[in-house]
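Reading through the structure tokens given below for one structure.
Just so it is clear, the values below take in all heavy atoms, side chains as well, and ignore hydrogens, waters and symmetry mates. Residue numbers start from 1 in every chain, and the chains themselves are labelled A, B, ... in the order their sequence lines are given, proteins ahead of strands.
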There are 2 protein chains.
Amino acid sequence: MSEQTHLFQDEIVKKIIEKTRVLWALKHALSLMSWDLETYMPPRGVEDRSVAFEELEGLLHRLSRDPELEKLVEKANERLDQLNDYERGVVRVMKRMLRIVKLIPEELARREAKVSSEATVVWREAKKKADFKMFEPYLKEIVEIQREKAERLGYEEHPYDALLDLYEEGLRTRDMEAIFSELVPATKRILEKVLSGGFYPQNHPLEEAKYDVARARELLKSILNGFEWPWDRGRLDESAHPFTIELGMNDVRITVRYEGYDIKRAVYSLVHEYGHALYELQIDPRIARTPIGHGVSMGVHESQSRFWENIVGRGPWFIPWLKERMDKTIGYTRDYTLLELYRYVNTVKPGLIRVDADEVTYNLHIYLRFTIEKKLIEQSLNVDEVPQVWDDMMEELLGVRPRNAAEGVLQDIHWSHGSIGYFPTYTLGNVIAAMIWRTLWSRSQELLRELRLAELRRWLGENIHKWGATYPPKELVKRVMGEEITAGPLIEYLEWKYLKLPGEVEDYLKP
Amino acid sequence: MSEQTHLFQDEIVKKIIEKTRVLWALKHALSLMSWDLETYMPPRGVEDRSVAFEELEGLLHRLSRDPELEKLVEKANERLDQLNDYERGVVRVMKRMLRIVKLIPEELARREAKVSSEATVVWREAKKKADFKMFEPYLKEIVEIQREKAERLGYEEHPYDALLDLYEEGLRTRDMEAIFSELVPATKRILEKVLSGGFYPQNHPLEEAKYDVARARELLKSILNGFEWPWDRGRLDESAHPFTIELGMNDVRITVRYEGYDIKRAVYSLVHEYGHALYELQIDPRIARTPIGHGVSMGVHESQSRFWENIVGRGPWFIPWLKERMDKTIGYTRDYTLLELYRYVNTVKPGLIRVDADEVTYNLHIYLRFTIEKKLIEQSLNVDEVPQVWDDMMEELLGVRPRNAAEGVLQDIHWSHGSIGYFPTYTLGNVIAAMIWRTLWSRSQELLRELRLAELRRWLGENIHKWGATYPPKELVKRVMGEEITAGPLIEYLEWKYLKLPGEVEDYLKP
């Protein structure tokens, strides 16, 4: 507490922080419940856990509608000019939260929760049977609810803006349109060259290699140790789908999955999650447990995971470092050269499944989803037309066509959760990660070229992580990178890595 | 939900259950937070966890003071005669809870929580230094707070009654006095004979035997498997101090500790915790998440753990079963006979430390604490006199004298937590366990003699477990055993096992 007095001087802001601590504590408990559900909970505990979630989420919602808190925030908002950046951040985040809670009536929130929980069950079944018709009525209701939410939340230009803003403060439809209008044609152009160039393979024999799970665990531990992972502040566990969860800035937990073959899948999901985790671990401890004491948005969070996964981890600089650890643990990589390992972790292949997509093709998957979501929300597309549009766009963008709904429109869980407006933050993350790459590349290239991990961490910590949600995402990016968010840096990065680097990659691959 | 309608028909009781579900959910979250704190939480997460505990316990307290809930309970209480046993149980438990919450003002509860959390830190340090003076001022304040609590809660005969009742509904000082007045002299008499008899040794060479922790894990797993532990409804983990926690009746978690030597310590703490766990696992699913959906009291809970640990687990019937599993895992027991193994797990030695005490001497440790607590609360003893009284009583009861406060008055954590009135429930548990033994012994001895584990579980489930807190503890015991709680059965059991059994033990030890 005493540390916080340095940052928070304003009496009203201090009261706001005091009053929101119970909300923080409830979120802490809910996060632990989620983590436990995915890792250690005995299977039949699920019914009680669901009831507990429902009760505590409802309670969180009720406690968030605190009129006293609202008054304090309004009062603080009237004297923003007397507040420092941290205090202003608290007021901004709280205003946003209270506005959303206020504009979404409890009845709608409950309906959304109910439909989502049913839809998730049906989606799983529908995906198994590759039967979109099963899922269609649920998706219809979800789209209706999201449209109603958009109307209630309000927007200036496009109803989809209201939903985008829920995941990424201030993100508008036209921001994403501007990004995709440059990125999509550039990606298609680069992809064509990569596919005809032959340096980056579409498949690699190592993808077939089976590994021993115990050795893979050793490998992943040695990677985290190489990153100086603070085991006293974090954990590594296993779950069906990898994720990172923050229970506090001294308790950040990663999970991974071991499939038993194609080790790069486990390695890069670890490095991805590490990027998320590092963000939370490096937030200024003085803003712990306050409304600004966490990553600012989905997009900025994803920029961190993508930066580590793709720009650090799939860069040539990472290969000698990784091979050393692979050789010591899973062993079979000893028979391969550094160049082969680099090509193994950088296959490029137009495919049907987003989560398996490479750096080059990934954003085309997002563009497809963005287009469909936008049209659903503006009512220029009906839910029953979605599979057709999906398949046609896949063919047009990636030259592949799903044989069924399971590998097409039903592949992602997001819509069943009611998340419409979430997907674009993935591309936004890629875009911001590339902005970080360009900034480093022009100012201090050696951090990447020489894989100076501690300095990379420090740079990210000082420039991005430590602020938490003090500044809104767009402002944070502008402060660090000195420019607005555009697709330019990502295109530049892809051109550098996929068109230029093949000619000089040996220079980077010296151990 | 639908299942509950069979049991709960009364509209007001149904409303009470509905309203208390959020309290259940908060307790579920708090239990998970406790479990995680002791098992998997990264060490530096402790600060955030403490804040979360404080906030959510405060919230639970505030939500419990719900005037609407109180009105409903009052209303239901006016028509008790129209309610069934389950409904009446709900009303009784809620009345009790609301009464306690109402009579203890928030300020006192907060003071208690604050002192306890400070006192626990100081106690740890004081114990390390064996310095009672360090802890004395804290114990003084704790006694004062508990005395104030007793006055506020009210009592008919003795202020200590009010505190006993917090841990064991309806337990009075004179109940424990009646038990100890028989049990203490009988114990001393039996102990003397055991020590001079020579059958039960004071020490055993196997106590020095070191074990491999991985093999011990296998052993404990095989014991739980032998008990048909439902792994889909429970877990086994490791923590500094063994405990059982119930997150729901389909999520019950045991922890144990492996010290690396004297395997019986790990084995019997597992069997002890299993007794607690089985109670929660066998509660009627139709009362899940209601105010009666958990073990009824500390004493009845302890009777279950003690029954499994001592009566089942340290009985001669258990030895062939245990040896088979030990021989297969830790292995070195192969060199010992069944009789030797029986003697190893049944050493009797008057010692200084309660948690290391055997079946015979254990209750003398509780009698000492009961006597001191009672005197502190009735103000016939000052806190600064406690060490002297402790040491003198140890010498008188057990013939051993602590060399310092660490092995005397500072050995237990309970007082630092503010728990005064808790210790007697340990002896009550032993007493009730022996009542179960006598009931079984006279009606269906073969369940023990032939170690019919499934039938034992079923008997306990049908007679005790399934009811949860439907009946108050004394009434439950009377219903099952047909008599009031007295020390008689425990004395009879100790005489049978320690005086009679040595002459015929070989009859039981056939594999």
Side-chain angles (χ1 to χ4, degrees), chain A residues 1 3 18-37 39-60 62-63 229-237 246-254 277 281 285 288-289 293, chain B residues 1 3 18-37 39-60 62-63 229-237 246-254 277 281 285 288-289 293:
Chain A
M1 305 302 109
E3 284 172 333
E18 193 72 34
K19 265 195 148 312
T20 53
R21 201 167 290 128
V22 69
L23 306 179
W24 169 85
L26 262 174
K27 285 179 204 156
H28 173 90
L30 285 162
S31 295
L32 180 62
M33 284 160 59
S34 298
W35 174 82
D36 182 72
L37 174 74
T39 52
Y40 295 112
M41 190 188 78
R44 287 183 54 194
V46 69
E47 189 191 339
D48 278 338
R49 184 60 50 87
S50 307
V51 176
F53 269 120
E54 201 188 318
E55 288 291 340
L56 297 187
E57 272 157 8
L59 180 61
L60 180 62
R62 284 200 298 287
L63 292 177
W229 176 254
W231 294 101
D232 59 344
R233 302 173 62 207
R235 293 189 53 84
L236 173 62
D237 296 280
E246 176 255 339
L247 302 181
M249 60 187 60
N250 286 314
D251 188 351
V252 178
R253 305 181 185 194
I254 291 177
L281 285 166
R289 299 183 294 270
Chain B
M1 306 297 109
E3 283 173 332
E18 192 71 34
K19 263 194 147 318
T20 54
R21 199 166 292 128
V22 67
L23 308 178
W24 170 86
L26 262 174
K27 285 179 203 154
H28 173 91
L30 286 162
S31 295
L32 180 62
M33 283 160 59
S34 297
W35 174 82
D36 181 72
L37 175 73
T39 53
Y40 294 112
M41 190 188 78
R44 286 182 56 195
V46 69
E47 189 191 340
D48 277 338
R49 186 59 51 88
S50 308
V51 175
F53 269 120
E54 202 187 316
E55 289 290 339
L56 297 186
E57 274 157 7
L59 179 61
L60 179 61
R62 282 199 300 286
L63 294 177
W229 177 254
W231 294 103
D232 59 344
R233 303 173 60 207
R235 292 190 52 84
L236 173 62
D237 296 280
E246 177 254 337
L247 303 182
M249 58 188 60
N250 286 316
D251 187 353
V252 179
R253 306 182 186 193
I254 291 177
L281 285 167
R289 300 183 293 267

Discussion item. Under 4.5 Å from any heavy atom of chain B, what part of A:W231 do you find: side chain, backbone, both or neither?
Written reply: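 For A:W231, the contact with chain B is made by the backbone alone.
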
Worksheet item: Which bit of A:R49 is near chain B, if near means a heavy-atom gap under 4.5 Å: side chain, backbone, both or neither?
Response: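 It is both, since atoms from each part get that close.
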
Discussion item. Under 3.5 Å, is there a donor on one side chain and an acceptor on the other for B:Y40 and A:D237?
Written reply: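 Side-chain D/A pair, B:Y40 to A:D237: absent.
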
Practice prompt. Among the options B:M33, B:K27, B:R235, pick out the one with the most heavy-atom pairs lying under 4.5 Å from chain A.
Written response: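 The residue among B:M33, B:K27, B:R235 with the greatest pair count is B:R235.
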
Worksheet item: Highest number of heavy-atom pairs under 4.5 Å with chain A: which of B:R233, B:R44, B:M41?
Response: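 Ranked by contacts with chain A, first place is B:R44.
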
Worksheet item: Where do B:G234 and A:P42 come nearest, in terms of heavy atoms and distance?
Response: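 Closest approach of B:G234 to A:P42: N-CB, 3.6 Å.
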
Item to complete: Identify which of A:D36, A:D232, A:D251 forms the greatest number of heavy-atom pairs closer than 4.5 Å to chain B.
Response: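 It is A:D232.
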
Worksheet item: Using a cut-off of under 4.5 Å for heavy-atom pairs, which of A:V252, A:L59, A:N250 has the most such pairs with chain B?
Response: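 With the most close heavy-atom pairs to chain B, the winner is A:N250.
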
Worksheet item: So do the side chains of B:P285 and B:M249 get within less than 4.5 Å of each other, counting heavy atoms only?
Response: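 Answer yes - side chains close enough.
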
Discussion item. Given heavy-atom pairs under 4.5 angstrom as the criterion, report whether the side chain, backbone, both or neither of B:W24 touches chain A.
Written reply: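 Side chain only.
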
Discussion item. Please classify the contact between B:L63 and chain A as side chain, backbone, both or neither, with a heavy-atom cut-off of under 4.5 Å.
Written reply: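 Contact with chain A: side chain only.
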
Item to complete: Might you confirm whether atom CD of B:E54 has over 12 heavy atoms from other residues, nucleotides or ligands at distances under 6.0 Å?
Response: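 Not more than 12 within 6.0 Å, no.
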
Fill in: Contacts of type salt bridge (Lys or Arg N to Asp or Glu O under 4.0 Å), residue B:D48, not counting sequence neighbours
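So B:D48 forms a salt bridge (Lys or Arg N to Asp or Glu O under 4.0 Å) with A:R289.
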
Item to complete: Would you check, one step at a time, whether the test side chain to side chain contact (heavy atoms under 4.5 Å, CB included) holds for A:F53 with A:L37?
Response: CA-CA 11 Å; A:F53 269 120; A:L37 174 74; 4.2 Å; yes

